Amino acid sequence: MHSWIRQGAFLLVIVTMLQWSGCSSSTVIPDQLEPQIDKSLTFDQVIQSPDSYRGRTFVVGGEVLRARRLKEGTQLEVLQLPLDSDQRPALQRIESKGRLLALDPLSTDPATLPDGTPVTMVAEVTGVTTEKLDESDYRYPTLSVKHLHVWRDRPDPYGRRAGPAVGVFGGGVFGFGGGGGTRTGGGISIGTGF
């Protein structure tokens, strides 16, 4: 019985260490911008009536459809996509509520934002503009980017997360494992049976 308690305590310590090592301090939204963000404002509201929300700041994300350099900065045409709990845009384009034009005053090189690049922005609503989209006119909400987060890694399509996994298997065998944040390697497993 005492070896059972020791093994359980050892397992708990290892799992706790894996949890700590798996936590990252990276954040998509800079702390200094948090107080400026209107968390109640949604893209649905903005696309319906952009002028009504002029001057308000919110978080929005999606996929870059086009990036081009202007005198004032880099203009991004973005297909809006819902954000998950990590503020990352959804994978399915069918979930989009529309398009937007965002001006990045830092003049990010358009070559670094190829079509399909997922982005999350803290942006201020500046109004609306009408431009040609194929053969028709399209009303784009316009935004001024305060912070641009570019997602460089590909998300796991199955929604798995990095971190420890603990299991109890038949015959009293315990196991746990941990994987790296890229979900492509690394891991530990320990088994004990009686």
Side-chain angles (χ1 to χ4, degrees), residues 24-159 161 181-183:
S24 71
S25 59
S26 67
T27 179
V28 175
I29 301 168
D31 291 340
Q32 67 270 21
L33 291 178
E34 280 284 352
Q36 299 175 34
I37 296 170
D38 183 345
K39 291 181 174 59
S40 67
L41 185 57
T42 67
F43 184 73
D44 281 337
Q45 294 170 305
V46 172
I47 201 165
Q48 292 299 318
S49 182
D51 284 326
S52 300
Y53 300 101
R54 191 184 295 259
R56 307 237 321 247
T57 298
F58 73 126
V59 178
V60 64
E63 282 188 11
V64 174
L65 298 175
R66 179 183 55 149
R68 63 183 180 150
R69 185 159 284 160
L70 304 176
K71 288 180 192 173
E72 306 84 20
T74 300
Q75 184 188 65
L76 306 176
E77 181 181 355
V78 176
L79 180 71
Q80 179 274 342
L81 292 168
L83 300 175
D84 66 15
S85 60
D86 294 325
Q87 304 295 339
R88 183 182 196 117
L91 292 174
Q92 300 299 321
R93 285 183 164 194
I94 195 140
E95 297 181 43
S96 175
K97 302 291 185 190
R99 298 174 181 222
L100 61 93
L101 290 177
L103 184 67
D104 177 9
L106 296 180
S107 294
T108 303
D109 188 335
T112 65
L113 297 167
D115 296 357
T117 301
V119 294
T120 302
M121 299 175 282
V122 177
E124 180 181 330
V125 181
T126 57
V128 64
T129 189
T130 302
E131 292 192 10
K132 283 285 185 195
L133 178 58
D134 296 326
E135 295 182 8
S136 62
D137 290 335
Y138 188 88
R139 286 183 72 237
Y140 290 90
T142 57
L143 310 176
S144 176
V145 176
K146 293 187 174 194
H147 176 74
L148 176 67
H149 181 87
V150 179
W151 297 91
R152 300 291 182 196
D153 60 327
R154 302 301 303 164
D156 184 334
Y158 302 105
R161 298 188 169 269
T182 61
R183 298 170 186 86

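This structure is a prediction, so every number in the text was calculated from the model and none was measured.
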Considering only heavy atoms from C-beta outward, does the side chain of Tyr138 approach that of Lys132 to under 4.5 Å? no
Side chain proximity check, Thr74 to Leu106, heavy atoms < 4.5 angstrom: no
Any donor-acceptor N/O pair, Asp86 side chain to Arg88 backbone, under 3.5 Å: no
Is there a donor-acceptor pair closer than 3.5 Å between any side-chain N or O of His149 and the backbone N or O of Gln87? no
Any sub-3.5 Å donor-acceptor pair from Thr117's side-chain atoms to Val64's backbone N or O? no
For residues Glu131 and Tyr140, report the shortest heavy-atom separation together with the two atoms involved. CB-CE1, 3.8 Å
Gap between atom CH2 of Trp151 and atom OG1 of Thr120 - 0.5 Å precision: 5.5 Å
List the residues meeting side chain to side chain contact (heavy atoms under 4.5 Å, CB included) with Gln32, not counting sequence neighbours, and say none if there are none. Pro30
Looking at side-chain heavy atoms only, is the closest gap between Arg56 and Val46 below 4.5 Å? no
Do Leu143 and Leu101 have side chains that approach each other closer than 4.5 Å (heavy atoms only, starting at C-beta)? no
Worked verdict on Leu79 versus Leu100 for side-chain contact (heavy atoms from CB on, under 4.5 Å): CA-CA 7 Å; Leu79 180 71; Leu100 61 93; over 6 Å; no
Over all atoms of both residues, closest heavy-atom pair of Ser107 and Gly73: OG-CA, 3.4 Å
Thr42 and Asp44 side chains, donor-acceptor separation under 3.5 Å: no
Between Arg99 and Leu65, is there a side-chain heavy-atom distance shorter than 4.5 Å? yes
Quick one: closest heavy-atom pair of Leu113 and Ala67, and the distance? O-CB, 4.1 Å
Partners meeting side chain to side chain contact (heavy atoms under 4.5 Å, CB included) with Lys146 (sequence neighbours left out): Leu33, Gln36, Thr57, Val122, Glu124
Under 3.5 Å side-chain donor-acceptor pair for Ser144 and Thr126: no
Looking at every non-hydrogen atom in both residues, tell me the closest pair between Phe43 and Gly98 and how far apart they are. CE2-N, 4.0 Å
Check whether any side-chain N or O of Ser96 sits under 3.5 Å from a backbone N or O of Arg93 as a donor-acceptor pair, and report yes or no. no
Do the side chains of Val145 and Leu103 get nearer than 4.5 Å, heavy atoms only? no
Within the 4.5 Å heavy-atom criterion, are Val128 and Arg54 side-chain neighbours or not? no
Less than 4.5 Å apart, side chain to side chain, heavy atoms only: is that true for Pro50 and Thr142? no
